[in-house]
Amino acid sequence: MTIAFQFDPAKHLFTVDGVTVPSVTQILKSVGLINFAGIPASVLNHKRDVGSAVHLATHYLDEDALDWSTVSEECEPYVRAYESFKRNSGFEPELIEYKSVAQVDGMRFGMIVDRTGVIGGKPTLLELKTGEPSASWPVQLAGYKLGLGGVRQRVALQLTKKGKYKIHTFADRNDEPIFKAALALCCWKRNFKLEEDADGNPSIGD
């Protein structure tokens with residue numbers, strides 16, 4: 001079932017009929033699987049800006065429309081790493097930065113799926129990462145898999161500032177029930193006004 005929604009990119013905010021819907025990363029932040037406590041806002045904002053710039057550049061790269069002169073010196077190694085991954089793996093994306101609102105067990109959530117495609121003959125969910133590995137990664141991708149439906153392997157592609165990449169594949173069956181539990185807890189907290197909606201907070205992920 002397709003759910004009509006609105007998305008505010010400035011606030012990273014999904015709404016359905018005027019009601020805020022939590023995104024996957026906001027859900028994971030709500031239950032503590034993503035925690036930026038103790039990290040200065042300036043550092044978080046810079047990481048967010050680099051991640052956003054890399055995502056935009058790789059998007060243009062996938063559309064054969066990237067002007068390399070527009071890519072900053074800091075971001076170029078990450079984009080080159082993605083270029084190398086595509087060349088070595090033969091990966092061709094199907095969905096790129098796909099936004100949607102999904103529903104699981106009667107609970108809605110928003111998501112932005114970086115890529116879907118095929119790797120090694122297997123339908124794949126691919127998430128681009130510019131940071132260090134996190135326990136939240138497999139749960140985040142489990143949320144996307146539940147939201148999209150179908151059978152897909154879950155892969156996080158870690159891009160580094162040295163122009164290298166590392167492939168992380170997740171197959172733990174517990175990741176999906178953990179995401180469902182996180183979604184249920186996030187919705188419970190919102191229903192009982194135990195936290196404010198996460199619009200406007202820095203978000204690295206979705």
Under 4.5 Å between side-chain heavy atoms, hopping through other hydrophobics if needed: is there a path connecting Phe170 to Val118? no
Answer whether the closest heavy-atom distance between the side chains of Met111 and Leu148 falls below 4.5 Å. yes
Measuring only between side-chain heavy atoms, which start at C-beta, is Ser72 closer than 4.5 Å to Glu76? no
Ring-plane angle category for Phe7 and His12, please: parallel below 30°, perpendicular beyond 60°, tilted otherwise. perpendicular
Rounded at 0.5 Å granularity, tell me how far CG in Leu44 sits from NZ in Lys47. 8.0 Å
Working to the nearest 0.5 Å, report the span between NZ of Lys166 and CG of Leu159. 13.5 Å
If you define the side chain from C-beta out and look only at heavy atoms, does anything of Val151 sit under 4.5 Å from Lys122? no
Asp17 CG: over 12 foreign heavy atoms closer than 6.0 Å: no
With no hydrogens and no angle check, is any side-chain donor or acceptor of His59 less than 3.5 Å from a backbone partner on His55? no
Does the side-chain contact (heavy atoms from CB on, under 4.5 Å) test come out yes or no for Leu128 and Val54, once each step is laid out? CA-CA 9 Å; Leu128 307 183; Val54 170; 5.9 Å; no
Minimum side-chain heavy-atom gap Lys162-Pro77 below 4.5 Å: no
Compare every heavy atom of Arg173 with every heavy atom of Pro177, then report the nearest pair and how far apart it is. CD-O, 3.1 Å
Can you tell me if Thr58 and Arg115 form a side-chain donor-acceptor pair at under 3.5 Å? yes
Short side-chain to backbone donor-acceptor contact, Arg108 and Val101, under 3.5 Å: no
I'd like to know if the side chain of Gln26 reaches the main chain of Ser23, judged simply by a donor and an acceptor atom lying under 3.5 Å from each other, with no hydrogens or angles considered. yes
State whether a side-chain donor-acceptor pair under 3.5 Å links Asp114 with Tyr98. no
Got Ser42 and His46 here, is their nearest side-chain heavy-atom distance under 4.5 Å? no
Can you see which heavy atom on Ile3 is nearest to which on Ala102, and at what distance? CD1-C, 4.1 Å
Donor-acceptor contact present, side-chain Asp8 to main-chain Ala10, <3.5 Å: yes
Just by distance, no angles: are the side chains of Gln153 and Lys145 close enough, under 3.5 Å, to form a donor-acceptor pair? no
Kindly say whether Trp68 contributes a backbone atom to a donor-acceptor pair with the side chain of Thr70 at under 3.5 angstrom? no
What about Tyr82 and Ile96, same hydrophobic cluster or not, with Ile/Leu/Val/Met/Phe/Trp/Tyr joined at side-chain heavy-atom distances under 4.5 Å? no
Is the side chain of Thr116 donor-acceptor paired with the backbone N or O of Leu95 at a distance under 3.5 Å, no angle test? yes
CD1 of Ile27 to CD1 of Ile34, rounded to nearest 0.5 Å, is 10.0 Å
Reported CD-to-CG distance for the pair Glu176 and Asn174, which is rounded to 0.5 angstrom: 10.0 Å
Scan side-chain atoms only and decide if Glu127 and His168 contain a donor-acceptor pair under the 3.5 Å cut-off. no
Pairwise distance CD1(Ile119) to CG(Leu157) - rounded to 0.5 angstrom: 7.5 Å
Are Leu141 and Phe179 close enough that some pair of their side-chain heavy atoms sits under 4.5 Å apart? no
Side chain to side chain donor-acceptor pair (under 3.5 Å) with Arg154: which of Thr124, Asp175, Thr169, Asp172? Asp175
Take a 6.0 Å sphere around CD of Glu132 and say whether it holds more than 12 heavy atoms from other residues, nucleotides or ligands. no
Check Thr25 against Gln140 and note the closest heavy-atom contact, atom names and distance. CG2-NE2, 4.1 Å
In sequence, state the C-alpha distance, the side-chain angles, and the governing distance for Lys86 and Glu83, and then conclude on salt bridge (charged side-chain N to carboxylate O under 4.0 Å, His left out). CA-CA 5 Å; Lys86 289 189 67 180; Glu83 183 182 46; over 6 Å; no
How close do Ala81 and Tyr165 get, heavy atom to heavy atom, and via which atoms? O-CD2, 3.4 Å
In Å and rounded to the nearest 0.5 Å, what is the CZ to SG distance from Phe109 to Cys187? 10.0 Å
Walk me through it: do Tyr60 and Val71 pass the test side-chain contact (heavy atoms from CB on, under 4.5 Å)? CA-CA 11 Å; Tyr60 283 130; Val71 181; over 6 Å; no
Specify whether Phe85 and Phe91 have parallel, tilted or perpendicular ring planes, treating 30° as the upper limit for parallel and 60° as the lower limit for perpendicular. tilted
Would you mind reporting whether Lys129 and Ser134 have side-chain heavy atoms less than 4.5 Å apart? no
Any side-chain heavy-atom pair of Asn35 and Lys29 under 4.5 Å: no
With hydrophobic residues grouped by side-chain heavy-atom distances under 4.5 Å, do Val21 and Val19 end up in a single group? no
May I have the step-by-step check of side-chain contact (heavy atoms from CB on, under 4.5 Å) for Tyr78 and Val50, ending in yes or no? CA-CA 10 Å; Tyr78 299 100; Val50 169; 4.1 Å; yes
